[in-house]
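Values reported hereafter were calculated over all heavy atoms of this structure, with side chains retained and with hydrogens, waters and symmetry mates removed.
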Amino acid sequence: MTIEEIKKIIEKENVRFIRLQFTDINGILKNVEITPEIFLDSWEEGIMFDGSSIEGFVRIEESDMYLKPVLDTFAVLPWTVDGAKSARVICDVYTPDGKPFEGDPRYRLKRMMEKAKELGYYFDLLPLSKAEEIRRDVAIALEKMGVIVEATHHEVAPSQHEVDFRYDTFLKTADNAQTVKLVIKTMAIFHGYYATFMPKPFFGVNGSGMHVHMSLFKGDQNAFYDPNKPLELSDDLRYFVGGILKHARALAAVTNPTVNSYKRLVPGYEAPVYITWSVGNRSALIRIPKARGKATRLEYRSPDPSCNIYLAFAAILAAGLDGIVNKIEPPKPVEENIYHMTPERREELNIDSLPGTLKEAIDELKKDDVIIDALGEHIFEKFVEAAEKDWKEYSTYVTNW
């Protein structure tokens, strides 16, 4: 999309305000609202804002930051407030000297995509985002904003719903996931409901995951597919799986970043707990769906919707690429139901488990240089600081238990 096309849309739709959107290190979508006139005058050089007011960005003495709009993400919001139309555009964050801000989660994901490109890969990805009620209105609003909804349905737990949207590149899908959250929350409020993305809002029923389907492409060929290999799965796929399994315990800090995340990651509720992979077995951490050819992919089942989508994708991609670069062989796939195994059987198969608490996950993250590099020093330090603060508060709080 060009700035001229955007200008025509603004005039045609009579857009009164434009929200410049970006994401903090906790995955929360932030807005700076400006008029169309300021946007059209300043989009190229960027719009200045106070970075010190955003969680995990910069200190007060280095507060000036710039938002540079990504024009392809421009969309008119399919609702009005007090009769006034608004549009949104997702932005990259820059420093005053014109360099990408190291603490911008979207930038961390872009860096990992560049690394994949250097290795000759492209990527497709589909997350399954859990939604609240009013699914039809959510789907209509998303399609108006350019997000193609493929399916919506009720899930297993009470008041638990799912919206599946079409795959795209890592970066576009991360942008779309933030859009999906925004629309679901807004539509829920309009209908008198509240949409939560907590991994485990209720005791005794299944939690809410964010299963991530991904594949790598070389040109237009799926690099995970090899008709001449066992199960038609390529070496690249095996190594990518090996990398994720190797880094899975550290990855948990990023893909499952809240105290509540570990209320979901317990046996018995369809959530993956054990670090294994399988062809079709949904009790494994990584599942390989049966589709082959261009649809060959892996499903990573531990992430939950409380994560920062950009950081989670960057960390997963970093782990998988480490597996490919260093030819990390995964263990043999496990086709037994892991939930029904005895501890002795799991020990016999050398099956490790994901961290049981946020504190354990953060300790694992501190030891993993590959995931730390994906986050970057700035985000790593702020991320750990915030998580340890949460853990300390949780640990000292007195509950009925």
Side-chain angles (χ1 to χ4, degrees), residues 1-55 57-58 63-96 98-101 103-107 109-110 137-138 140-148 165 168-169 171-190 195 308-310:
M1 188 176 291
T2 66
I3 195 64
E4 288 76 21
E5 290 171 326
I6 290 174
K7 186 176 180 180
K8 288 178 182 177
I9 294 171
I10 290 172
E11 292 171 352
K12 180 182 177 182
E13 299 287 341
N14 193 25
V15 173
R16 299 277 301 280
F17 301 100
I18 295 177
R19 296 183 187 179
L20 308 178
Q21 296 183 335
F22 60 101
T23 300
D24 71 11
I25 67 167
N26 294 322
I28 305 300
L29 195 64
K30 302 292 186 181
N31 292 279
V32 174
E33 197 166 70
I34 61 175
T35 64
E37 292 75 20
I38 293 175
F39 172 78
L40 293 171
D41 286 343
S42 309
W43 70 272
E44 202 160 10
E45 62 268 24
I47 294 90
M48 191 168 69
F49 76 106
D50 180 7
S52 67
S53 64
I54 305 301
E55 179 69 31
F57 267 32
V58 290
S63 59
D64 289 345
M65 308 290 285
Y66 286 83
L67 296 174
K68 292 195 175 182
V70 180
L71 299 185
D72 282 346
T73 66
F74 183 90
V76 177
L77 297 175
W79 57 81
T80 61
V81 179
D82 296 329
K85 277 191 176 182
S86 296
R88 78 86 198 264
V89 62
I90 293 174
C91 300
D92 290 321
V93 183
Y94 280 77
T95 60
K99 295 179 180 177
F101 174 46
D104 177 11
R106 195 172 190 274
Y107 173 65
L109 178 54
K110 287 169 75 174
D137 288 356
V138 166
I140 291 170
L142 284 171
E143 286 172 1
K144 285 181 179 178
M145 296 185 69
V147 178
I148 299 174
F165 57 94
D168 210 304
T169 64
L171 195 63
K172 182 64 174 176
T173 302
D175 290 341
N176 285 346
Q178 290 294 73
T179 302
V180 168
K181 281 188 174 182
L182 170 67
V183 169
I184 289 173
K185 288 179 178 180
T186 304
M187 290 294 106
I189 290 170
F190 282 173
N308 181 320
I309 203 83
Y310 298 101

With sequence neighbours excluded, what pairs up with K30 under the salt bridge (charged side-chain N to carboxylate O under 4.0 Å, His left out) test? D24
Partners passing salt bridge (charged side-chain N to carboxylate O under 4.0 Å, His left out) against D104 (at least two apart in sequence or in another chain): none
Distance (rounded to the nearest 0.5 Å) between [X] [atom1] and [Y] [atom2]:
X: L40; Y: I34; atom1: CG; atom2: CD1; answer: 8.5 Å
X: I90; Y: L71; atom1: CD1; atom2: CG; answer: 12.0 Å
X: I3; Y: K8; atom1: CD1; atom2: NZ; answer: 12.5 Å
X: F39; Y: I6; atom1: CZ; atom2: CD1; answer: 4.5 Å
X: M145; Y: L77; atom1: CE; atom2: CG; answer: 5.0 Å
X: Y107; Y: L171; atom1: OH; atom2: CG; answer: 13.0 Å

Pairwise side-chain contact, [X] with [Y], heavy-atom cut-off 4.5 Å (strictly under):
X: F165; Y: L142; answer: no
X: L67; Y: V93; answer: yes
X: K110; Y: P100; answer: no
X: K181; Y: Q178; answer: yes

Which residue, T179, N31, I18, L20, forms the side-chain contact (heavy atoms from CB on, under 4.5 Å) with R88? T179
Check [X] against [Y] and note the closest heavy-atom contact, atom names and distance.
X: Y66; Y: P96; result: CE1-CA, 3.8 Å
X: N308; Y: G27; result: ND2-N, 3.4 Å
X: V183; Y: A141; result: CG1-CB, 3.7 Å
X: P36; Y: I10; result: CB-CG2, 3.8 Å

Which residues share a side-chain contact (heavy atoms from CB on, under 4.5 Å) with I148, sequence neighbours left out: R166
Could you check whether the rings of F22 and F49 sit parallel, tilted or perpendicular, using 30° and 60° as the cut-offs? tilted
Say whether, by atom type as modelled, one donor and one acceptor occur between the side chain of T173 and the main chain of D168 under 3.5 angstrom. yes
D92 side chain to K68 main-chain N or O, any donor-acceptor pair under 3.5 Å? no
